[in-house]
Amino acid sequence: MDPECSRLLPALCAVLVDPRQPVADDTCLEKLLDWFKTVTEAGPSLLLLQENPCLVELLFRVLKAHDPRPRVLSFSLRLAGLFAAQEDCFQYLQGELLPMLFGESGPLGGAAWTAPTVRSGWLQGLRSLAQHPGALRFLADCGAVDTIFSLQGDSSLFVASAAGQLLVHILALAMRGPAEGHPSPQGCDWPACAQKIVCHVEDSLRSTATLQVTQALNVLTTTFGHCHSPWTQGLWVRLSPLVACLLEKDPIPASHSLVDLLLSVARSPVGSSDCGLWETLAQTLSHLSPTQAGPLALGILKLQDCPQALKTQAFGVLLQPLACVLKAAAQAPGPPGFPEGATGDSITVDTFLSSKSACVGLLCQALAHLELLQLLPQRPSPWPQAPLLRAAVAILRFCHGSAAPTSDVGGHLCAVLAGCVRVQRAALDFLGTLSQGTGPQELVTQVFAVLLEYLTSPDSSPMVLKKAFQATLRWLLGSPKAPSCCDLDPHTQLFLGELLPVLRKRLCSPCWEARDSGLEFLTQVTRHWGGQAAFRHALLASEVPELTGQLLRDPESYVRASAVTATGQLSSWGLYATPTGPEHPEVQQESLFTELLHILSTDSEGFPRRAVMHVFTQWLKDGHADVAEDLEQFVARVLQAASQDLDWEVRAQGLELALVFLEQLLGQPGSRCPYAVALPEAAPPATLAQVLQALCRVQLFEFALRALFDCDRPVAQKSCDLLLFLKAKATPCGGPQEAGASPDVVSVEAALQRWQAGEQGQPLGELEPEAVMAVLRSMDLEGLRGMLAKSSDHMEKSPQSLLQDMLATVGVLGENEADCY
Amino acid sequence: MPEIRVTPLGAGQDVGRSCILVSIGGKNVMLDCGMHMGFSDDRRFPDFSYITRNGRLTDFLDCVIISHFHLDHCGALPYFSEMVGYDGPIYMTQPTQAICPILLEDYRKIAVDKKGEANFFTSQMIKDCMKKVVAVHLHQTVQVDDELEIKAYYAGHVLGAAMFQIKVGSESVVYTGDYNMTPDRHLGAAWIDKCRPNLLITESTYATTIRDSKRCRERDFLKKVHETVERGGKVLIPVFALGRAQELCILLETFWERMDLKAPIYFSTGLTEKANHYYKLFIPWTNQKIRKTFVQRNMFEFKHIKAFDRAFADSPGPMVVFATPGMLHAGQSLQIFRKWAGSERNMVIMPGYCVQGTVGHKILSGQRKLEMEGRQVLEVKMQVEYMSFSAHADAKGIMQLVGQAEPENVLLVHGEAKKMEFLKQKIEQEFRVSCYMPANGETVTLSTSPSIPVGISLGLLKREMAQGLLPDAKKPRLLHGTLIMKDSNFRLVSSEQALKELGLAEHQLRFTCRVHLHDTRKEQETALRVYSHLKSVLKDHCVQHLPDGSVTVESILIQAAAHSEDPSTKVLLVSWTYQDEELGSYLTSLLKKGLPQAS
């Protein structure tokens, strides 16, 4: 432990036990424990206690306090647990302190026990402590296990959950060592502590109270999830009949936890060796209601090794709701086209008909599960792509009210799903995922038709609209290219013709979310198809680019930012013609560059300005026409605007752009760690001099040197990296002649000193490259970089700072307490 | 029995980060989704694993409601919706939706980009999250689905802060978020109607405090600023972008105007324009005074407050600077602080709470030698002042709100356990309702009586009206009718209509009773004696002697018969309908007493 911390500890311990001193911030004790955890993990706890006797004294005094404060008591329990995790320290504390803290004479019987934080601290303390055989004996002697049993049903979720986890931990600890191997299922050779826990679990499984059954199932789920030793096999042999008995009850108790347990067992090594398990899983699938069976079915399908028959059954369960939908939507009777076992059974139909929320819940769950499954490598094969597509389209039509149902169930679905945003969102997500597969053209046409319906419909909520755009994008990008050339196929071209007017309309929507989603869609589709002739033709024929330009002046900053990104992207592909003003069509308006520069200099919100910087950086990388026209002019103007920006992210992005410029002039460095560049790669002196001249002309040096002392650390760090890169590139070749103590150097150094002191001062004006290089050489940039890495946060987060803060709070807290934002 | 369950994941006996789960009528709602700025790891967010274990989040939760833009109420929202995976609807007021991303973005930049913290949301995530938001207007009932509806009420506290009523069928819960029952310089006081919810979940930050008038605090603040400026010192006020900063700006602006002061006031990083924009946009959310004067002059267009430039910090002479962030933990406010800290003439005023670890926290706890980067020690000689301007209801205000809403139960959150205990007792004594204060993770379960809505037929109502009994909403009334339960519907109709609708014939139900009288005379004479007696006693009733010898009083029929075994005894057969039950019983008891002797 740091000597300074060691010096502060006694005072802090004294404060903690003083009931007149309120405990500072509620996060302080947590952070203190974090620190003790790292200290105890790094070295011997016993030594720590011996060197800092105030810690043991703290524990004693907290125990003896007449009315201990729950938070401090909880802290002490957890702290004692951390120390006692090491066996020698445990021995040291075992005599008196640990029984007093964790035994019946301790807080257990006191008034403070009513506070959940104390019960939680007690459990966490034991959790840390239970690391060695000595701890097991201690737990048995002080009767802790019985208390943990009762805490499983605690009124606090946190306490109940911690109790369950502690039981698992103790069971695993007990089974470690002598009992490890293949103990008998009867448990006659199991350690007493393990016996006790397993018997308790058995009793709970037999209980008629659902809560108790749930607790037992949760303990087992965690056990099989975390412990993969051979003894777990014996445990399952012993308990599986009891678990199977639960399936015979009607209704099945704690079905959710039961599913979790069965899947946990199936994933563990126990699963692969127990054939009975597959039977139990199959039985459970058929016993549970469709909604309860869904998560189990998905879990089974995710398993690596599992009998095909079971997988088929599970897949059938997931498909049932969609099979029902297909049946209800069918114009003529016939199988829905799903594999055998998924025909829209009567139980699913009953669930659909029982209530609106049951129907919506089941459909959303099925869609989400199938969406997940579709992305998995172990998804069932063959994948029923076509019927799934039909089902997704049918659901979306039911929701939209455009389906014409022919059956009673269809009519019911129509009534229930009409306008249901929840199902719409789930179905659109699912439809988007299905774009990974193919389908018959007639179906794909239906998909595009239904997507267009949603994109057009005034009833689509902003969230639904966003999902419709996302699904459309996925289908568009997944659509096949025409066989003869690399252009879009005729169907896609046809669809584009219908889509762009809709997009245009959405860009004029009064709802900002809709405009933004439209712009995001446009950006994405242009990024991928900017070079496709058909797309270019369709886009230029629409008014979409012009409208996008108008949205640069949108009242909503998010939309302005998206419009900046979209116009930047359009312009990169030559798809953005500067619009002519409506009032004076004869006057050609300013270029996009000027317009974006105007946004960078004047927009009151950060999002659009940041977006502009990203576009400019990308343009510079791509060699955009507007940039290439006068590269230096471009960089100079952008840097000038960025340097004055109030948002540090814009300034940091300015440095990013400066670095790209530098790289283009000096050649790409091998890695993003520029100053590590190999020496021979440095540019020859003649070129270098020209480069430095250029850098001076665009005033990159002044920008970077000022940024070096920016009040926002990331900017200073970026600038430091940039200058180090430059220094590494320029120095080895000698660079321009040494400038010595020329007047230029003196003025630069003076300016640097002023900036370092936080003053702004006058601009440097025209600089000579020699002077700049001389200054760079004389600066300890590496040292500065190291200092920036150790920021004030580094100090704030130190344990010493924490202890000081906690001590300093004493006495002054009264006036500031209980305040918040 | 239906029940309402409430589990705080945050704000249960603390003021850390609000996140409260409510189950009502089978619907699950999350109230607020806050972040704790005191932690820099996952502990800053509520532990959502307790919800995810119930299956998919979007299937389990029906909606999330955010009360206002403070990060301890909305800071975990992008994490919850974009990283944990909640994809359902989020409700908040329009100003909250507009201001939330600015504060989230500011915090993200400090946490991630400056401090390099991991597992945090990105800018894009904030935007995607905000696009899931459904904005609600005050007093507008929003239908989340067929059964669940919510309604927002004005909460004061900060621009756009709202209390929410959540209703499923006849059960309802009101969540106050943070609120203020006294108007301040730019906001009005919280208000709710007498909605009599089953449960009122209220904040209790100042559960035991009766706060002094805000005017005193304001006077103090102005005095301190004025004194410092007068002696040529500089005043730094670290603030968060929106909220309190605007209130203090109005305060200084009017004071400067009144006193004709010349020292410049600056506001950093272009926030005045931004604030102006939002306050202009949401002027209906401000208080009456601002709304009234807005037509003549926008109070947020400050004459004396100018945008700050970094160069100004070095200017000689007095000045006042509002700079972000509010806890002096990074950026411009920290830079200015470091510059000015060395002079006794200067002053820093902290108008809000600071978490441990920040420079703000250190100087407020009296530390005067701060170790900055590079092990440099900064000696703080400038004066340090703390002035709480946080706008929460005090004990009086909380009691006032409970009185206004008239809830059946109260649940306290967002406060300290000890203080809650005191307020709990006070509420229970004064309002005779149960009051709860669960810790984080503890569930409170309340049974509610099922309430079944019944429709009343127009005919029945008209008949009641015809009797001159006009309906009065405040007085419960007894109404006779027939309850028809059909297709899960309940209707109260007149019995005639019920018979007609159901195609049933009416059955007459008569009560009968035998009264034995010692009378040797013939049956006809006994009947006549009965007639005469009743005629004399029941003067207000229509007593008739019918030709067949029987006597009637209203619907009551009395017949005399001879006793089969005892000729000296006569049996009076009395029968009546249920409408005349009272009269029938009276008559029977009268006849049982015997007839007066014939004179």
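Side chains are part of it too, since the values below use all heavy atoms of this structure and drop only hydrogens, waters and symmetry mates. Throughout, a chain's letter reflects where its sequence line sits, starting with A, and its residues are numbered from 1.
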Looking only at side chains, do B:Q367 and A:D805 share a donor and an acceptor under 3.5 Å apart?
yes

With rounding to the nearest 0.5 Å, note down the distance linking CE in A:M463 to CD1 in B:I90.
8.5 Å

Name the region of B:E105, side chain, backbone, both or neither, that has any atom closer than 4.5 Å to a heavy atom of chain A.
side chain

With a 4.0 Å cut-off, would you call A:D516 and B:K127 a salt bridge?
yes

Okay, A:P116 and chain B: the region with an atom under 4.5 Å from a heavy atom over there is side chain

Is it true that A:K31 and B:D41 have a side-chain N and a carboxylate O under 4.0 angstrom from each other?
no

Name the region of B:V133, side chain, backbone, both or neither, that has any atom closer than 4.5 Å to a heavy atom of chain A.
backbone

OG1 of A:T27 to CZ of B:R43: how many Å apart, nearest 0.5 Å?
9.0 Å

Rounding to 0.5 Å, atoms CD (B:Q335) and CZ (A:F709) come to a distance of 12.0 Å

Any idea which of A:A426, A:A561, A:S155 has the most non-hydrogen atom pairs under 4.5 angstrom with chain B?
A:S155

Contacting moiety of A:S517, where chain B heavy atoms sit under 4.5 Å:
both

With a 4.5 angstrom heavy-atom cut-off, could you sort out which part of B:E203 is near chain A: side chain, backbone, both or neither?
neither

Within a reach of under 6.0 Å around CZ of B:R368, are more than 12 heavy atoms found that belong to other residues, nucleotides or ligands?
yes

Of all of B:N440, B:V444, B:L370, B:I336, which one pairs up most often with chain A through heavy atoms under 4.5 Å apart?
B:N440

Taking the side chain as every heavy atom from C-beta outward, state whether B:F308 and A:L646 have any pair of such atoms under 4.5 Å apart.
no

How long is the straight-line distance from CD1 of B:I102 back to OG of A:S557, given to the nearest 0.5 Å?
7.0 Å

Does this structure show an ion pair linking B:D14 with A:R71, if we count only N-O contacts that are shorter than 4.0 Å?
no

Chain A heavy atoms under 4.5 Å from B:T7: which part of the residue, side chain, backbone, both or neither?
side chain

Region of B:L378 that comes under 4.5 Å of a non-hydrogen atom in chain A
neither

How far does SG of A:C28 sit from NE2 of B:H361, to the nearest 0.5 angstrom?
5.5 Å

Flag for B:E371-A:Q804: side-chain donor and acceptor within less than 3.5 Å:
no

Under a 3.5 Å cutoff, is there a donor and acceptor pairing between the side chains of B:K362 and A:S801?
yes

Flag side-chain contact, heavy atom, 4.5 Å: B:D87 against A:D429:
yes

Identify the heavy atoms of A:R422 and B:T58 that sit nearest to each other, and give their distance.
NH2-O, 3.9 Å

Using heavy-atom distances under 4.5 Å, tell me whether A:Q644 contacts chain B through its side chain, its backbone, both, or neither.
neither

Where is the tightest heavy-atom contact between A:E513 and B:K131, given as atom of each residue plus distance?
O-CE, 3.6 Å

Taken to the nearest 0.5 Å, the spacing of B:D146 CG from A:S355 OG works out to 10.5 Å

Answer key: most heavy-atom pairs under 4.5 Å with chain B among A:Q365, A:K356, A:E30, A:R425 is A:R425

For A:F607 and B:P101 the tightest heavy-atom approach is CZ-O, 4.5 Å

Segment of B:P89 engaging chain A (4.5 angstrom heavy-atom cut-off)
both

